[in-house]
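Beneath this line is the structure, given in structure tokens, with notes to follow.
Along the sequence shown, the residues carry numbers beginning at 1.
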Amino acid sequence: QVQLLESGGGSVQAGGSLNLSCTASGSIGRLNTMGWFRRPPGKEVELVAGIRSGRTPYYADSMKGRITISRDKSMLYLQMYMVKDEDTATYYCAAADRPVPPMSGAHEYSYWGQGTQVAVSS
């Protein structure tokens, strides 16, 4: 099994920045694609960003230019800049044991963390 643990969430003022981290443990040799998803209050989960080793990261249109995803072996990061009120959500780290095409949805990922909350205030 693979376990994912997010950290770095918290409150932030609109226009500010924060950095989320995800640590993978267990059978991490099976990991291939990793990504970030989020669930705004009362809404469905949505893609934030994804990355495969040696590939160009991809981003949701609503956040492109304001976030950067990066990966270092079993660690996954999400840098957020110029955050907006609508960025308030629970952010989840996700992983798959196979290559996942860019912009794929949550159903393509097998492993999930418990999430870390981000609250943006005006």
Within the structure provided, determine whether [X] and [Y] are in side-chain contact (heavy-atom separation under 4.5 Å).
{"X": "L78", "Y": "T68", "result": "no"}
{"X": "E44", "Y": "R39", "result": "yes"}
{"X": "I51", "Y": "L76", "result": "yes"}

Would you kindly confirm whether [X] and [Y] end up in one hydrophobic cluster when ILVMFWY residues are joined by side chain heavy atoms under 4.5 Å apart?
{"X": "I67", "Y": "F37", "value": "no"}
{"X": "M103", "Y": "V45", "value": "yes"}
{"X": "W112", "Y": "L47", "value": "yes"}

Between [atom1] of [X] and [atom2] of [Y], what distance do you get to the nearest 0.5 Å?
{"X": "L20", "Y": "Y92", "atom1": "CG", "atom2": "OH", "value": "13.0 Å"}
{"X": "L31", "Y": "S74", "atom1": "CG", "atom2": "OG", "value": "8.0 Å"}
{"X": "T90", "Y": "E6", "atom1": "OG1", "atom2": "CD", "value": "9.5 Å"}
{"X": "M34", "Y": "K73", "atom1": "CE", "atom2": "NZ", "value": "14.0 Å"}
{"X": "M63", "Y": "I69", "atom1": "CE", "atom2": "CD1", "value": "11.0 Å"}
{"X": "E108", "Y": "R98", "atom1": "CD", "atom2": "CZ", "value": "4.5 Å"}

Residues, nucleotides or ligands: over 12 heavy atoms within 6.0 Å of Q117 CD: no
Q114 CD: over 12 foreign heavy atoms closer than 6.0 Å: no
Closest heavy-atom pair and its distance - [X], [Y]:
{"X": "S104", "Y": "Y109", "answer": "O-CE1, 4.3 Å"}
{"X": "A89", "Y": "P41", "answer": "CA-CD, 4.4 Å"}
{"X": "L4", "Y": "A24", "answer": "CD2-CB, 3.6 Å"}

Heavy-atom donor-acceptor pair, T88 side chain to V120 backbone, under 3.5 Å: yes
N/O donor-acceptor pair under 3.5 Å between T116 side chain and G9 backbone: yes
Derivation and outcome, side-chain contact (heavy atoms from CB on, under 4.5 Å), residues Y111 and Q1: CA-CA 9 Å; Y111 309 104; Q1 296 289 346; 4.3 Å; yes
[X] side chain to [Y] side chain, donor-acceptor N/O pair below 3.5 angstrom:
{"X": "Y91", "Y": "R38", "answer": "yes"}
{"X": "Y77", "Y": "Q79", "answer": "no"}
{"X": "S121", "Y": "Q13", "answer": "yes"}

Derivation and outcome, side-chain contact (heavy atoms from CB on, under 4.5 Å), residues L18 and V118: CA-CA 9 Å; L18 76 166; V118 172; 4.0 Å; yes
From CA spacing to verdict: side-chain contact (heavy atoms from CB on, under 4.5 Å), M80, R66: CA-CA 6 Å; M80 304 176 66; R66 300 189 296 111; 6.0 Å; no
D87/K84 salt bridge by N-O under 4.0 Å criterion: no
